[in-house]
Amino acid sequence: MHFNDIDFVIIGAAKSATTWLQKQLQTDPAVYMPDPELHYFSREYSKGQDWYFSQFDEQLLDRVVGEKSNSYLYEPEAAARLHRDLPQVKLIAQLRNPVERAYSSYCMRFRRGEVGKDIESYLDPTLGENLKYLISGKFASHLQTFVDLYGRDKLLILFFEGVSLDPEAQMAQVRSHLGLPPRPFSSIGREKVKDKTSLMVSPRLRKHLAWVKPIVRPLRGTSGFETVRGLVTQQTRYPKLTDELRNRLYDYYHPSIEALEKMSGQSLSHWYGPLDRAS
């Protein structure tokens, strides 16, 4: 395998339905993508190209080949590494309202027990620019690095709203960008891939039960397993994103959204927040 075998890369953004995008492409027998996010050009570059190539099935390289790693969008060195090794690829970015994306990312980590209930310490831009939650949502500046290296024509910019409002049109844009012929839209992936309302084992209890996981893994999906799991799961109660904090976030992202409108050529007026920003 060689770097020239890779045709496209989905570069992000996280919490923006890029897994849905990947699943849609994987329904096409003319497309091949490995399932996991490889994060090679962002976090695993030191493992070398042989490791990267080993993540692909060489028997399927006669197809249109791509990968998805959301960290590529905002990790500082990823764009330069991608362009150095894969100058030929076409890029796809699917983006979400940065305020909603930041809150969704916080909720995911809260559900995992990685962050506490003091939501403002993570999402309040007046307390500092947290990379994971805030800076990563400044999409225009991250994308500009890719545009400078690849040119605007190689980058397809999509938006989260297209997945729910007109998924067929969303995929038609993707297929056109990749040079794929029209194909009937697949119902696979219509359901939510990740649902923050799902019942979960509390982080504290998960920690205590970690030693049991390898033992019960073969039982997952059985009626007995699900019955026992139902006794220890609960719906997570997330800290609320208050109107005051939400508006501080909209003010923080306003310049970035304006820049993204110019870059994409699309209006994002619905991203500016619940208040009338013109006033």
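By convention here, the first residue in the shown sequence is residue 1. Quick caveat, the model's predicted, so the values are computed rather than measured.
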Problem set entry | Any side-chain heavy-atom pair of Leu156 and Leu178 under 4.5 Å | no
Problem set entry | No-hydrogen, no-angle side-chain donor-acceptor test under 3.5 Å, Arg101 and Ser136 | yes
Exercise. Are any non-hydrogen side-chain atoms of Tyr150 and Lys90 less than 4.5 angstrom apart?
Worked result: no
Exercise. Would you call Lys132 and Glu114 a salt bridge, taking side-chain N to carboxylate O under 4.0 Å as the test?
Worked result: no
Exercise. Checking side chain to side chain donor-acceptor pair (under 3.5 Å) for the pair Gln55/Glu67: CA distance, chi angles, key distance, verdict?
Worked result: CA-CA 10 Å; Gln55 307 305 304; Glu67 64 130 318; over 6 Å; no
Exercise. Which atoms form the tightest heavy-atom contact between Ala17 and Val163, and what is the distance?
Worked result: CB-CG2, 4.1 Å
For this session: Examine distances only and state if a side-chain atom of Gln94 and a backbone atom of Leu158 form a donor-acceptor pair shorter than 3.5 Å.
Result: no
Exercise. Do Ile6 and Met1 come close enough that some side-chain heavy atom pair is under 4.5 Å?
Worked result: yes
Exercise. CG of Leu268 to CD of Glu261: how many Å apart, nearest 0.5 Å?
Worked result: 4.5 Å
Exercise. Under 4.0 Å between a Lys/Arg side-chain N and an Asp/Glu carboxylate O for Lys262 and Glu258?
Worked result: no
Exercise. Do you know which two heavy atoms are closest between Met263 and Val147, and how far apart they sit?
Worked result: SD-CG2, 4.4 Å
For this session: Kindly work out whether a path of hydrophobic side-chain contacts (I/L/V/M/F/W/Y, heavy atoms less than 4.5 Å apart) joins Phe160 to Tyr272.
Result: no
Problem set entry | Under 3.5 Å donor-acceptor, Arg109 side chain and Arg112 backbone | no
Problem set entry | Connected via hydrophobic side-chain network under 4.5 Å: Val89 and Leu60 | yes
Exercise. So, do Gln170 and Gln24 sit near enough that their side-chain heavy atoms are less than 4.5 Å apart?
Worked result: no
Exercise. Side-chain contact, heavy-atom cut-off 4.5 Å: Ile11 with His142?
Worked result: no
For this session: Could you verify whether a donor N or O on one side chain and an acceptor N or O on the other, from Asp85 and Tyr45, lie under 3.5 Å apart?
Result: yes
For this session: Determine yes or no for a side-chain-to-main-chain donor-acceptor pair under 3.5 angstrom, with Gln88 supplying the side chain and Phe3 the backbone.
Result: yes
Problem set entry | Backbone N/O of Gly66 and side chain of Asp7: donor-acceptor pair under 3.5 Å | no
Exercise. Sub-3.5 Å donor-acceptor pair from the side chain of Asn247 to the main-chain atoms of Asp243, do we have one?
Worked result: yes
Problem set entry | Interatomic distance, Asn97 atom CG to Ser104 atom OG [nearest 0.5 angstrom] | 11.5 Å
For this session: Taking all non-hydrogen atoms of both residues into account, name the closest pair between Leu149 and His83 and its distance.
Result: O-NE2, 3.1 Å
Exercise. Is the backbone N or O of Arg248 less than 3.5 Å from a side-chain atom of Asp251, with the two atoms forming a donor-acceptor pair by type?
Worked result: no
Problem set entry | Tyr253 ring center within less than 6.0 Å of Trp271 ring center | no
Exercise. Which heavy atom of Arg183 sits nearest a heavy atom of Thr27, and at what distance?
Worked result: NH2-O, 3.0 Å
Exercise. Is it true that a side-chain atom of Glu129 and a backbone atom of Leu134 form a donor plus acceptor pair closer than 3.5 Å?
Worked result: no
For this session: Establish whether Ile257 and Leu123 are linked, either directly or via other cluster members, by ILVMFWY side-chain heavy-atom contacts under 4.5 Å.
Result: yes
Exercise. Going hydrophobic residue to hydrophobic residue with side-chain gaps under 4.5 angstrom, can you get from Tyr250 over to Tyr252?
Worked result: yes
Exercise. Strictly under 6.0 Å, is that where the ring centroids of Tyr72 and Tyr40 end up?
Worked result: no
Exercise. Hey, are the side chains of Arg81 and Leu86 touching, using non-hydrogen atoms and a 4.5 Å cut-off?
Worked result: no
For this session: Look only at the side chain of His39 and the backbone of Asn70, and say whether a donor-acceptor pair between them is shorter than 3.5 Å.
Result: no
Exercise. In terms of hydrophobic clustering (I, L, V, M, F, W, Y; side-chain heavy atoms under 4.5 Å; direct or indirect links), are Leu249 and Phe110 co-clustered?
Worked result: yes
Problem set entry | Side chain proximity check, Tyr106 to Tyr238, heavy atoms < 4.5 angstrom | no
For this session: Please step through side-chain contact (heavy atoms from CB on, under 4.5 Å) for the pair Leu260 and Gln266, ending with a clear verdict.
Result: CA-CA 8 Å; Leu260 185 58; Gln266 300 181 56; over 6 Å; no
Exercise. Does a side-chain heavy-atom distance below 4.5 Å link Phe53 with Leu61?
Worked result: no
Problem set entry | Side-chain ion pair, Glu100 and Arg246, N-O less than 4.0 Å | yes
Exercise. Is the side chain of Arg175 donor-acceptor paired with the backbone N or O of Pro181 at a distance under 3.5 Å, no angle test?
Worked result: yes
